[in-house]
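Right, one structure below, let's go through it.
Since the model is a prediction, treat every value here as computed from it, not as a measurement.
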Number of protein chains: 2
Amino acid sequence: MTNPLPSTVRSLPIALIRAREGVMSPIRDMLSETGITEQQWRVLRVLAEYGRMDTKTLADRSSLLFPSLTRMAATMREKGLVTQTRDVKDRRRQFVDITPAGQKIIDDCLPEAALIVAGFKETLGEQNYETLLDLLAMLDPGNHS
Amino acid sequence: MTNPLPSTVRSLPIALIRAREGVMSPIRDMLSETGITEQQWRVLRVLAEYGRMDTKTLADRSSLLFPSLTRMAATMREKGLVTQTRDVKDRRRQFVDITPAGQKIIDDCLPEAALIVAGFKETLGEQNYETLLDLLAMLDPGNHS
DNA sequence: TCGCAGCAATTAACATGTTAAGGAAAAGCC
DNA sequence: GGCTTTTCCTTAACATGTTAATTGCTGCGA
């Protein structure tokens, strides 16, 4: 008795990709006017929420791989969105912080971003929205809750 | 009254990324032994399920952007995984089909892939698994059901 | 204090995501 | 037929995903 894979229209990985596409599309539209990418937006949001932190923690909270963050930090520093300072005690480590220019992008986009989020809550319903977040968290390998 | 964004730990886009990472990690491990990528696996699965089709339909069903598929088709053709033939009636269009070598990869990986899927069903529970797919479908912009 | 394991970060190499522009063929219009 | 528009596909350019190799620094034990 074979145990075939689900049809691609009922595949969990593909469903995750398509849902992500649907969610990110309006956010990308919003960000295109600011000149930053979706990933850079994520980094700025984490920095705005937690403040200055070391690169390792930043990568973890932003769900970015280290090599990606290294490249992004360079371009974001050139754009004046973040600053990087080396740890004096341990010269291997670096700290990243958001600049006023970076914070301004967050502040400027916050109203529209909130509207987008509200739209998805309305699409799914408040209850389903929370359920979805809970189910997604169960698939997160780094989630030890 | 401000309407702040949710904390990044409760953000839908980030939750989708992390869930996808959790789901794809074991699949990537499986595929690393075959030498194909996660996206190439997706293309092969769609071709194996529906058979020969034009590039536009293939891109749509694989959830890939056209430029990505153009590049992938070239490398996959060189690897002998697919064939490409131009439509005689409409010389703009191209058809893609899976080769026996491509089909062999599907067949070889199917048992392990089925185990991985079963693992996630067990993690979430059958009921939650179906609920999750339904909720994700509601976020899919191309889902007109 | 020397050597070495381990960690933080970078770099490299290749594949894909994303947007925009370009090219070629078909379809429609006059 | 000649013209424009549309459609399918490709190419280009830049950013990120992913894995592996490399560098610079810390700490630790012989």
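Evaluation of atom-type donor-acceptor distances gives no pair under 3.5 Å for the side chain of A/Arg92 against the base of D/dG27. For A/Arg91 against D/dC25, no side-chain N or O and base N or O form a donor-acceptor pair under 3.5 Å.
Comparing D/dC9, C/dG17, C/dA9 against the side chain of A/Lys56 picks out C/dA9 as the nearest. When the nucleotides C/dA9, C/dT19, D/dT16 are ranked by their closest atom to the side chain of B/Pro67, C/dT19 comes out on top. For A/Gln94, whose side chain is taken as the heavy atoms from C-beta onward, the closest listed nucleotide among D/dG17, D/dA15, C/dA9 is C/dA9. For B/Asp90, the listed nucleotide lying nearest its side chain is C/dA25; candidates were C/dA25, D/dT11, C/dA9.
Atom CG in B/Leu65 sits roughly 14 Å away from atom P in D/dT10 (whole-Å rounding). Atom CE of A/Met72 and atom C1' of D/dC14 are 14 Å apart (whole Å). In this entry the distance linking CD of B/Glu38 with C1' of D/dG17 reads 9 Å, nearest Å. At whole-Å resolution of the value, CG in A/Leu69 and P in D/dG17 are 10 Å apart. As rounded to whole Å, 11 Å separates atom P of C/dG17 from atom CZ of A/Arg20. When rounded to the nearest whole Å, the span between CG of A/Asp87 and C1' of C/dA9 equals 13 Å. Between B/Gln40 atom CD and D/dT18 atom P the separation is 14 Å, expressed in whole Å. One can place CE of B/Met24 at 11 Å from P of C/dG17, the figure rounded to the nearest angstrom.
Across all strands, A/Leu64 comes closer than 4.0 Å only to sugar-phosphate atoms, never to a base (heavy-atom distances). Within 4.0 Å (heavy atoms only), B/Thr75 reaches no atom of the nucleic acid at all. Note on B/Ser32: nothing from the nucleic acid sits closer than 4.0 angstrom, heavy atoms only. Among the atoms of the strands shown, base atoms are found under 4.0 Å from some heavy atom of A/Ser68. When heavy atoms are screened at a 4.0 angstrom cut-off, A/Arg28 is found touching the sugar-phosphate backbone but no base atom.
For the pair A/Ser25 (side chain) and A/Gly22 (backbone), a donor-acceptor distance under 3.5 Å is absent.
The neighbour count for A/Arg28 CZ, taken as heavy atoms of other residues, nucleotides or ligands under 6.0 Å away, is above 12.
Heavy-atom minimum distance, B/Ala15 versus A/Leu133: CB-CD2, 3.8 Å. Listed here is the closest heavy atom pair of B/Leu47 and B/Val96: CD2-O, 3.7 Å.
When the side-chain nitrogen and oxygen atoms of A/Thr70 are compared with OP1 and OP2 of C/dT10, one or more of them lie within a distance under 4.0 Å. Remark: A/Thr55 is in phosphate contact with C/dA9, judged by side-chain N or O atoms under 4.0 Å from OP1 or OP2.
Salt-bridge check for A/Asp90 with A/Arg92: passed, with a basic side-chain N closer than 4.0 Å to an acidic carboxylate O.
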message: Let's go through A/Asp134 and B/Arg10 carefully: what are the C-alpha distance in whole Å and the side-chain angles of both, what is the deciding distance for salt bridge (charged side-chain N to carboxylate O under 4.0 Å, His left out) to 0.1 Å, and is it a yes or a no?
response: CA-CA 9 Å; A/Asp134 291 337; B/Arg10 201 66 182 171; 3.0 Å; yes
